[in-house]
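Only one structure is covered here, and it is reproduced in the block below.
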Protein chains: 2
Amino acid sequence: MSSRSETITRILDSAESHICKKGYNAFSFREIAHEIGIKSASVHYHFPTKANLAAAVVLRYTDSFIKSLGEPNSPNADAKDLLKNYIQEFQNVLISNDSMCLGGILSAELTSLPDEVADATRQFFIENLRWLTDVLQLHFGVNDIAISHFKAMKILAMLEGTLIVMRSLNREVQFEEMVEDFLNLS
Amino acid sequence: MSSRSETITRILDSAESHICKKGYNAFSFREIAHEIGIKSASVHYHFPTKANLAAAVVLRYTDSFIKSLGEPNSPNADAKDLLKNYIQEFQNVLISNDSMCLGGILSAELTSLPDEVADATRQFFIENLRWLTDVLQLHFGVNDIAISHFKAMKILAMLEGTLIVMRSLNREVQFEEMVEDFLNLS
DNA sequence: ATCAATCTATCTACTGATAGATAGCTTTGA
DNA sequence: TCAAAGCTATCTATCAGTAGATAGATTGAT
């Protein structure tokens with residue numbers, strides 16, 4: 001038998017994988033339970049409702065994603081490295097088979113999501129924009145907050161859009177080239 | 001009683017609206033039937049399967065969208081007008097409440113779609129890219145097909161991404177400003 | 001009279017969710 | 001120290017609801 005946190009982690013891992021591939025409305029407690037070798041009732045023990053489970057997935061995903069990006073205020077942080085790494089994270093999503101960005105796929109489904117899942121999804125985008133704006137603000141000398149905020153939106157929109165479009169076209173693309181018109185990293 | 005084509009049109013209209021708002025996996029025959037005042041069995045009479053109905057929705061949507069854009073080869077076509085109109089179509093999607101671009105939402109769900117719906121979704125993007133590439137090629141004097149194709153991808157990705165991001169942020173934005181770094185329309 | 005279109009009624013499969021039982025720890029108190 | 005009590009994590013079994021789909025009767029216009 002696995003420990004409490006091990007089981008919870010395995011449920012969250014499986015749920016995240018399913019949601020990234022198929023979205024909120026196409027995953028079920030039973031398939032997650034089957035995948036990790038327990039019964040669906042046991043999944044309900046840890047996560048009472050589907051909305052509760054999905055919200056937990058999004059919160060963990062957002063937290064771990066933002067943490068992995070690094071702290072913009074860190075003294076030895078290099079803005080270009082931070083942004084290159086940010087872009088690479090999106091490139092990696094496309095490489096991992098049949099997956100979407102969790103935020104992107106849930107935002108597409110937003111109107112059919114329970115409130116707590118929709119709220120967590122909105123928070124994912126808010127935190128991405130905040131991080132991007134901070135990096136642009138601190139390291140590129142864009143001292144007008146509105147300008148760096150707008151630039152952050154363009155970066156985020158282009159990366160999410162590239163995922164959406166390339167998913168259907170099944171083509172390879174360099175994400176860094178997609179944003180080069182408004183973000184020079186060379 | 002409505003004629004055959006009237007009923008079919010109303011089914012397609014209702015299905016399109018539901019899919020644009022909630023995606024493929026969150027709409028049902030029963031809600032569409034109820035909305036237009038018939039029974040779900042009657043919807044099955046016109047569209048035997050859910051996949052069949054959704055594919056018909058996407059084909060009609062793609063066809064009517066591309067047709068509405070105008071013909072790039074037309075002698076009196078103005079490239080800037082064509083592109084401004086294209087961008088405005090995406091702006092309109094954001095204005096219409098709680099809707100997404102049909103292609104965008106289905107591309108997000110792609111892995112959980114039946115083959116015929118996924119194929120129709122891919123075709124939507126292929127035809128968008130073809131139209132954009134044609135316009136750029138013919139009117140902006142970009143004679144390298146690879147360059148205009150890449151520019152078309154950037155335009156499409158940015159517009160789809162803007163829809164995805166703004167859906168969660170619930171903010172207003174000028175789509176023309178989002179693409180101005182690589183598409184000057186002034 | 002025909003036949004397209006719609007209906008009623010039903011089916012199977014699956015959904016999220018809950019109830020109740022149980023095995024095995026862990027805590028507690030005399 | 002050791003039994004009583006409670007807790008954790010799981011199970012089996014089942015619920016009501018909804019999904020897509022189909023068979024067969026009914027309607028109604030030409």
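The sequence lines fix the lettering, A, B, ..., with proteins before strands; numbering per chain opens at 1.
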| What pairs meet the salt bridge (charged side-chain N to carboxylate O under 4.0 Å, His left out) rule with one or both residues in residues 128-141 of chain A, with sequence neighbours excluded? |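 For residues 128-141 of chain A: R130(A)-D134(A).
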| Pairs satisfying salt bridge (charged side-chain N to carboxylate O under 4.0 Å, His left out), at least one member in residues 62-76 of chain B, at least two apart |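 Residue pairs with at least one partner in residues 62-76 of chain B: D63(B)-K67(B).
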Can you measure [X] atom [atom1] to [N] atom [atom2] for me and round it to whole angstrom units?
| X | N | atom1 | atom2 | value |
| --- | --- | --- | --- | --- |
| I8(A) | dT8(D) | CD1 | P | 12 Å |
| F47(B) | dA21(D) | CZ | P | 13 Å |
| Y45(A) | dA19(C) | OH | C1' | 15 Å |
| H44(A) | dC11(D) | NE2 | C1' | 14 Å |

Donor-acceptor contacts under 3.5 Å from residues 74-81 of chain A side chains, at least two apart:
| residue | atom | partner | partner atom | Å |
| --- | --- | --- | --- | --- |
| S74(A) | OG | N76(A) | OD1 | 2.8 |
| D78(A) | OD2 | K80(A) | N | 3.3 |
| D78(A) | OD2 | D81(A) | N | 3.0 |
| K80(A) | NZ | S186(A) | O | 3.0 |

| said: Just to verify, what does N52(B) make a side chain to side chain donor-acceptor pair (under 3.5 Å) with, not counting sequence neighbours? | reply: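 Expected list: none.
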| Contacts of Y61(B) that satisfy side chain to side chain donor-acceptor pair (under 3.5 Å) - sequence neighbours left out |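 Scan of Y61(B) (side chain to side chain donor-acceptor pair (under 3.5 Å), adjacent residues dropped) gives none.
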Distance-only donor-acceptor hits, side chain of residues 152-167 of chain B, under 3.5 Å, sequence neighbours excluded:
| residue | atom | partner | partner atom | Å |
| --- | --- | --- | --- | --- |
| K154(B) | NZ | D181(A) | OD2 | 2.6 |
| T162(B) | OG1 | M158(B) | O | 2.6 |
| R167(B) | NH1 | S107(A) | O | 3.3 |
| R167(B) | NH1 | A108(A) | O | 2.3 |
| R167(B) | NH2 | T111(A) | OG1 | 2.5 |
| R167(B) | NH2 | K21(B) | O | 3.1 |
| R167(B) | NH2 | D98(B) | O | 2.8 |

| field | salt bridge (Lys or Arg N to Asp or Glu O under 4.0 Å) partners for K50(B), two or more places apart | value |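 Listed in chain order: nothing, the list is empty.
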| request: Taking salt bridge (Lys or Arg N to Asp or Glu O under 4.0 Å) as the test, write out the residues that go with E31(B), two or more places apart. | output: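 For E31(B) the salt bridge (Lys or Arg N to Asp or Glu O under 4.0 Å) partners, ignoring immediate neighbours, are K22(B).
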| Sub-4.0 Å heavy-atom contacts from residues 24-31 of chain B onto DNA chain D, ordered by number |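 Contacts with DNA chain D under 4.0 Å: F27(B), S28(B), F29(B), R30(B).
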| message | One pair to check against salt bridge (charged side-chain N to carboxylate O under 4.0 Å, His left out): D144(A) and K151(A). What are the steps and the verdict? | response | CA-CA 11 Å; D144(A) 184 341; K151(A) 199 183 261 284; over 6 Å; no
Which atom pairs link the protein and nucleotides 7-9 of chain C when you take only N or O atoms and keep those under 3.5 Å?
| residue | atom | partner | partner atom | Å |
| --- | --- | --- | --- | --- |
| dC7(C) | OP2 | K39(B) | N | 2.8 |
| dC7(C) | OP2 | S42(B) | OG | 2.5 |

| Can you list every pair that meets side-chain hydrogen bond (donor to acceptor under 3.5 Å, both in side chains) and has a residue in residues 115-125 of chain A, with sequence neighbours left out? |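 side-chain hydrogen bond (donor to acceptor under 3.5 Å, both in side chains) check on residues 115-125 of chain A returns D119(A)-R122(A).
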| request: List in numerical order all residues of residues 49-58 of chain A for which some heavy atom is under 4.0 Å away from an atom belonging to DNA chain C. | output: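 T49(A), K50(A) - these, ordered by number, are the residues of the stretch whose heavy atoms sit under 4.0 Å from the strand.
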